[in-house]
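This report refers to the structure that appears directly beneath it.
Note that these values count all heavy atoms, side chains included, but never hydrogens, waters or copies made by symmetry. Order of the sequence lines sets the chain letters (A, B, ...), proteins ahead of strands, with each chain counted from 1.
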Amino acid sequence: VTDPKLDPLLLDPTRLAIVALLAATEWAEFGFVRDSVGLSDSTLSKRVSHLNDTGYVEVRKGYVGKRPRTWLNLSTAGRAALGAHIAKLQEIATQVERPA
Amino acid sequence: MMTTTPTPEEAQRSLQDIGDRKRQSAEAAASSRWWFIGCGVATAAYGVLIDRVPSFSDTWGNAIVWVLLLLVIARSSRWGASLFGLRLRPRRPGGWGRRLGLGVLGAIVSLALVSLAWRLDVPHLSLWIGIGGGLLIALAGPWWQARALRRSARL
């Protein structure tokens with residue numbers, strides 16, 4: 001059972017979008033996330049670097065032929081944080097339907 | 001960074017955004033309907049070929065199976081998927097154990113059906129298996145894929 005908890009890192013809409021995109025995947029290419037969220041390479045790189053430092057996103061680099069590729073995946077810690085964040089958001093959102 | 005607790009309306013919007021992003025990933029992972037139609041046609045053609053030219057199976061059967069196996073393995077890796085133009089792999093429900101179990105169950109059921117048809121001496125067995133399998137891939141493949149991707153978006 002996920003313990004509802006807001007994650008300050010995921011209150012940022014861009015970071016939340018990156019994490020949510022990765023949540024439905026086992027891995028995704030950097031380019032896919034960049035195009036989907038609509039960020040530049042450098043901006044996404046900074047966001048991913050921050051998420052990587054906190055252990056939410058894992059980064060793997062490699063080559064396909066001569067072209068460099070970067071793949072991203074949401075770590076177990078990242079999935080747990082997103083699950084707890086969603087649970088808390090659901091808790092808050094239901095306050096609209098059931099006002100105190 | 002916003003540090004205050006979101007209002008109920010903001011929380012609802014965030015939940016909506018999360019759902020939309022998950023669906024976006026799932027939709028991006030979908031293969032074209034033509035991919036399934038091509039695989040279905042190839043399967044049916046293989047069945048017809050084995051029925052009409054039995055020596056084809058002896059000459060090329062093993063080579064084709066190995067090439068297909070290698071393609072499947074390559075496509076399931078990051079490197080191979082990139083070669084096929086796939087930019088992500090959708091998350092699949094259930095662990096490896098469940099998937100392996102379903103694969104083994106499918107193989108056992110298929111073998112049992114083929115053995116039964118063999119015993120009953122069904123004429124042109126490989127032709128019917130090829131056409132049946134091909135139709136299944138071409139018609140049920142896109143439906144199965146959409147269902148699997150909907151499930152992955154809900155994870």
Side-chain angles (χ1 to χ4, degrees), chain A residues 4-38 47 50 60-65 67-74 79 82-83 85-100, chain B residues 1-31 71-96 98-99 145-155:
Chain A
K5 185 186 169 196
L6 282 180
D7 189 319
L9 207 66
L10 300 181
L11 287 172
D12 173 61
T14 310
R15 277 197 210 101
L16 183 62
I18 295 167
V19 168
L21 268 176
L22 293 174
T25 71
E26 286 185 12
W27 52 259
E29 279 189 10
F30 183 92
F32 166 75
V33 179
R34 178 199 60 208
D35 297 344
S36 302
V37 184
R47 306 276 177 163
H50 195 174
R60 294 198 184 175
K61 290 177 186 286
Y63 280 86
V64 177
R67 291 185 175 182
R69 285 276 200 287
T70 302
W71 292 279
L72 310 175
N73 71 285
L74 197 59
R79 285 193 194 281
L82 180 64
H85 191 77
I86 289 173
K88 186 66 185 177
L89 287 175
Q90 282 168 339
E91 216 176 80
I92 296 168
T94 51
Q95 290 170 9
V96 170
E97 289 146 25
R98 291 186 286 113
Chain B
M1 186 194 295
M2 185 173 70
T3 51
T4 53
T5 303
T7 63
E9 291 77 14
E10 284 169 342
Q12 276 187 337
R13 262 201 308 278
S14 292
L15 287 169
Q16 180 69 42
D17 287 345
I18 292 168
D20 289 346
R21 291 297 181 185
K22 285 182 172 181
R23 272 190 293 279
Q24 193 178 0
S25 284
E27 282 164 14
S31 300
L71 283 176
V72 168
I73 292 169
R75 201 170 187 262
S76 66
S77 70
R78 286 182 168 90
W79 178 83
S82 285
L83 282 181
F84 279 95
L86 302 174
R87 303 177 83 193
L88 70 149
R89 186 188 309 153
R91 194 156 181 245
R92 292 160 189 164
W96 277 103
R98 183 175 175 270
R99 270 178 258 164
Q145 177 184 245
R147 182 177 175 275
L149 291 177
R150 270 199 305 275
R151 289 183 72 190
S152 86
R154 279 200 299 267
L155 288 173

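Note: A/T25 OG1 to B/R91 CZ = 9.0 Å, rounded to the nearest 0.5 Å. Between atom OG of residue B/S14 and atom CG of residue A/L11 there is a gap of 7.5 Å, rounded to the nearest 0.5 Å. If you take CG on B/L88 and CG on A/L22, they are separated by 9.5 Å, rounding to the nearest 0.5 Å. Interatomic distance, CG of B/L86 versus CH2 of A/W27, reported as 6.5 Å (0.5 Å rounding). Note: B/R87 CZ to A/S36 OG = 7.0 Å, rounded to the nearest 0.5 Å. Note that CZ of A/R69 and CZ of B/R78 are 13.0 Å apart. Values are rounded to the nearest 0.5 Å.
For A/D35, the part lying under 4.5 angstrom from a heavy atom of chain B is the side chain only. Looking at A/L16, the atoms closer than 4.5 Å to chain B (heavy atoms on both sides) all sit in the side chain, from C-beta outward. Proximity to chain B (any heavy atom under 4.5 Å) is restricted, for A/L6, to the side chain, taken from C-beta onward. For B/L149, no part lies under 4.5 angstrom from a heavy atom of chain A.
A donor-acceptor contact shorter than 3.5 Å links the side chain of B/S25 to the backbone of A/L21.
For chain B, the option among A/K88, A/H85, A/Q90, A/R67 with the highest count of heavy-atom pairs below 4.5 Å is A/Q90.
At most 12 heavy atoms of other shown residues, nucleotides or ligands fall within 6.0 angstrom of atom CZ in A/R60. Atom CZ of B/R75 has more than 12 neighbouring heavy atoms from other residues, nucleotides or ligands inside a 6.0 Å radius.
Residues satisfying the side-chain contact (heavy atoms from CB on, under 4.5 Å) test with A/T70, not counting sequence neighbours, are A/F30, A/V59, A/K61, A/L72. B/S77 meets the side-chain contact (heavy atoms from CB on, under 4.5 Å) test with B/W79; sequence neighbours excluded.
The nearest pair of heavy atoms linking A/V37 to B/R21 is CA-NH1, 4.1 Å. Between B/A11 and A/L89 the shortest heavy-atom distance is CB-O, 3.5 Å. Taking both residues in full, the closest heavy atoms of B/K22 and A/A20 are given as CG-O, 3.5 Å, listed atom of the first, atom of the second, then distance. Of all heavy-atom pairs spanning B/P8 and A/I92, the tightest one is CB-O, 3.6 Å.
Residues B/P90 and A/E26 are not in side-chain contact: their nearest non-hydrogen atoms beyond the backbone lie 4.5 Å or more apart.
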